[in-house]
Amino acid sequence: MTDLTALLLLVVFATLVATGARHWRIPAPSLLVVGGLLIGVLPGIPAVRVAPETISVLVLPPLLFASAEEIPWRELRLVWRPVTVLAFGLVLATAAAVGAVAAALTPLSPTMAFVLGAVLASTDPVAVTALGRKIALPPRIQVLVQSESLFNDATSLVLFKVAAGTAIAAHAVSLPAAGSQFLLLGGGGALVGGAVATVVALIRRRTEDPILETVIALVTPYASYVLAEDLHTSGVTAVVVAGVVLGSTGHRLTNAAIRLQVHAVYGTVVFLLESVVFALIGLELPALVGQLTADEDTWPLGVLAVAGTVIAVRLLGVLPLSAVMQRRRGNGAVTWRIPTVVSWAGTRGVMPLAAALSIPLAAHDGSPLPHRSLILVLTTGVVVFTLVLQGFTLAPVVRWSKIALEPEHTAREEARARAGLATAGLACLDELEAAEAAPTPLLDQLRRGLLARLDQADADQDDGTASSPWAPATTYRALRRTVIAAESAQLQRLYAENHISDTTRRRLQRGLDLEEAGLGEE
């Protein structure tokens, strides 16, 4: 089997599993990891080896960028204090605890154990975002877990580089050197990301070509990452900053049609990359286990101990921090529901795997780096463990906490927004009519449409009709879909009978598709 054939089969497998996960409402990362693990243990399956640059350069930038774009700046400003504490203090505590446990229970030396701790110190933004899409968390909680997982990567990256440098050079860790390296990596990466975002925003404001806009959107995360790495700063931080900045301003840079196209293309790319990378995590574990030596056969105990340490340290760090913040705000009785969800959402995923793969093969003196394969096994094992355990149980934990937004709440919020938009539109028409800026019949036609939308929004805000299958808005959407289906069929007949060109057919079909998409889900 050639590498190209294996890659195509992997894409097909990952896509099928991810599609099934969406259909069954199961977290896709968790199911993909389990599926990859089951395939990897089958006899005759070739060993899977992934080059470090494949993950860190090809896969990570667009996934990190997509996660960062989803963070609204307004909510981010409200949670910056806990994000800062978790991104610094909790990462350091996790690295130290994991290093101590690994040094005590595995053949790893203290130096190599600290490398493992640095690798697993931060939560993974790709996994957290992928899991968070399935759960209707309140906006501030969702932003908190996503922001922490994005911004704690800079801290863990510094720890990892310091630890790896210590391991290959056999010198003591210098705190001043580590501090200056952190400023260079984190601060430099933030400046590069901000600069790239500024340049991209200027270009996109002057571009109206959908294809060029799509290319720019796909190239931006790679440009941020590569430029930052070439300047010896943090590529991860650069991608995150660029994503947050452009995500907050992107809606003002292009028109609706371009946004729809860019969103569709980028969504496809992210779906494929997420599906493949999580399947690869499961596929890699059996092959990595086969590379271990006899003195490393206690790796299952090490995986359980390190995974338990990662989860315990997070619980012990988040719960007291939440209690202090609740008391400072004067909330009265301390609730453990929100911090429990925040703690349980701290899965590990693609980022630790990319860091572990980038560990050098040899020290400066040319000797092989001891127990590198064991670190890869422990890292992959902990990633699999957290994705499966926390991924499959996160939804029940959220349901137990009773903090998830109910579908009715989301529907009423959307209805209120639609009513506000319709009201604003009617006010604009009144102004145009008073100024005699447009023909009265045309204004009346537009007014009738807006009044119909306002009536539908008012009906959706009614608790009794919003959930009823015979609600006016629901009936309207069903009838409109029927009409759109008839229009699509007629369009195909016109094209088949050579009454219209393919260009006209595509343009009209896109208009019908956009209208149907605007009706929302059934």
Side-chain angles (χ1 to χ4, degrees), residues 29 33 52 55-56 60 64 86-128 131 145 148-164 166-167 236 277-278 281-282 284-285 288-289 296 299-318 343-359 369 371-391:
V33 166
I55 299 293
S56 59
L60 272 182
L64 289 172
L86 295 175
F88 288 91
L90 192 58
V91 167
L92 293 170
T94 303
V98 169
V101 171
L105 299 180
T106 69
L108 294 176
S109 64
T111 302
M112 294 300 289
F114 185 65
V115 171
L116 176 65
V119 166
L120 293 170
S122 63
T123 56
D124 185 81
V126 178
V128 168
L131 291 173
V145 295
E148 181 219 346
S149 63
L150 284 165
F151 289 106
N152 63 17
D153 290 324
T155 308
S156 63
L157 182 63
V158 172
L159 284 178
F160 170 71
K161 290 196 172 184
V162 171
T166 303
V236 170
V277 76
F278 285 115
I281 292 174
E284 271 201 316
L285 185 56
L288 292 172
V289 170
E296 297 171 338
W299 66 269
L301 175 62
V303 168
L304 293 176
V306 171
T309 302
V310 165
I311 295 173
V313 171
R314 184 167 180 82
L315 285 168
L316 295 175
V318 172
S343 301
W344 207 244
T347 57
R348 269 60 181 175
V350 184
M351 281 296 298
L353 181 63
L357 286 171
S358 65
I359 296 174
L369 208 60
H371 301 299
R372 181 180 183 274
S373 296
L374 180 58
I375 290 182
L376 288 174
V377 169
L378 293 175
T379 300
T380 309
V382 171
V383 168
V384 172
F385 185 90
T386 57
L387 280 175
V388 172
L389 175 64
Q390 295 173 274

For this session: Name all residues meeting the side-chain hydrogen bond (donor to acceptor under 3.5 Å, both in side chains) criterion together with Glu284; count only those two or more places apart in sequence or in a different chain, and write none if there are none.
Result: none
For this session: Grab the two heavy atoms, one from Trp299 and one from Leu378, that are nearest each other, plus how far apart they are.
Result: O-CD2, 3.8 Å
Problem set entry | Met112 and Leu374, any side-chain heavy atoms less than 4.5 Å apart | no
For this session: Test Leu389 against Ile311 for side-chain contact (heavy atoms from CB on, under 4.5 Å), laying out the working first.
Result: CA-CA 11 Å; Leu389 175 64; Ile311 295 173; 4.1 Å; yes
Exercise. If you look at every heavy atom in Gly302 and Thr106, which pair is closest and at what distance?
Worked result: CA-CG2, 4.1 Å
For this session: Rounded to the nearest 0.5 Å, what's the gap from CG on Leu285 to CZ on Phe385? Could you check?
Result: 13.0 Å
Problem set entry | Residue pair Val289 / Val377: nearest heavy atoms and the distance that separates them | N-CG2, 3.9 Å
Exercise. Which atom pair, heavy atoms only, marks the closest approach of Ser343 to Leu315?
Worked result: CB-CD2, 3.4 Å
For this session: Please report the closest heavy-atom contact between Pro110 and Ala103, naming both atoms and the distance.
Result: CA-CB, 4.3 Å
Seminar exercise, completed: Scanning both residues in full, the closest heavy-atom pair of Val91 with Asn152 reads CG2-CB, 3.6 Å
Exercise. Looking at CD of Glu296 and CG of Leu108, how far apart are the two atoms once the value is rounded to the nearest 0.5 Å?
Worked result: 7.5 Å
For this session: Please round to the nearest 0.5 Å and tell me the distance separating atom CZ of Phe160 and atom CG of Leu116.
Result: 10.5 Å
Exercise. Taking atom CG of Leu86 and atom OG of Ser149, what is their separation to the nearest 0.5 Å?
Worked result: 11.0 Å
For this session: Assess whether side-chain contact (heavy atoms from CB on, under 4.5 Å) is satisfied between Thr94 and Leu120, documenting all intermediate values.
Result: CA-CA 8 Å; Thr94 303; Leu120 293 170; 5.7 Å; no
For this session: To the nearest 0.5 angstrom, please state how far the CD atom of Gln390 sits from the CZ atom of Arg314.
Result: 8.5 Å
Exercise. With distance as the sole test, does Thr386 use its side chain to make a donor-acceptor pair with the main-chain N or O of Val383 at under 3.5 Å?
Worked result: yes
For this session: For the pair Arg348 (side chain) and Ala121 (backbone), establish whether a donor and an acceptor sit closer than 3.5 Å, ignoring hydrogens and angles.
Result: yes
Problem set entry | Inter-residue atom distance Leu304.CG - Thr309.OG1, 0.5 Å rounding | 10.5 Å
Problem set entry | Side chain proximity check, Val382 to Pro352, heavy atoms < 4.5 angstrom | no
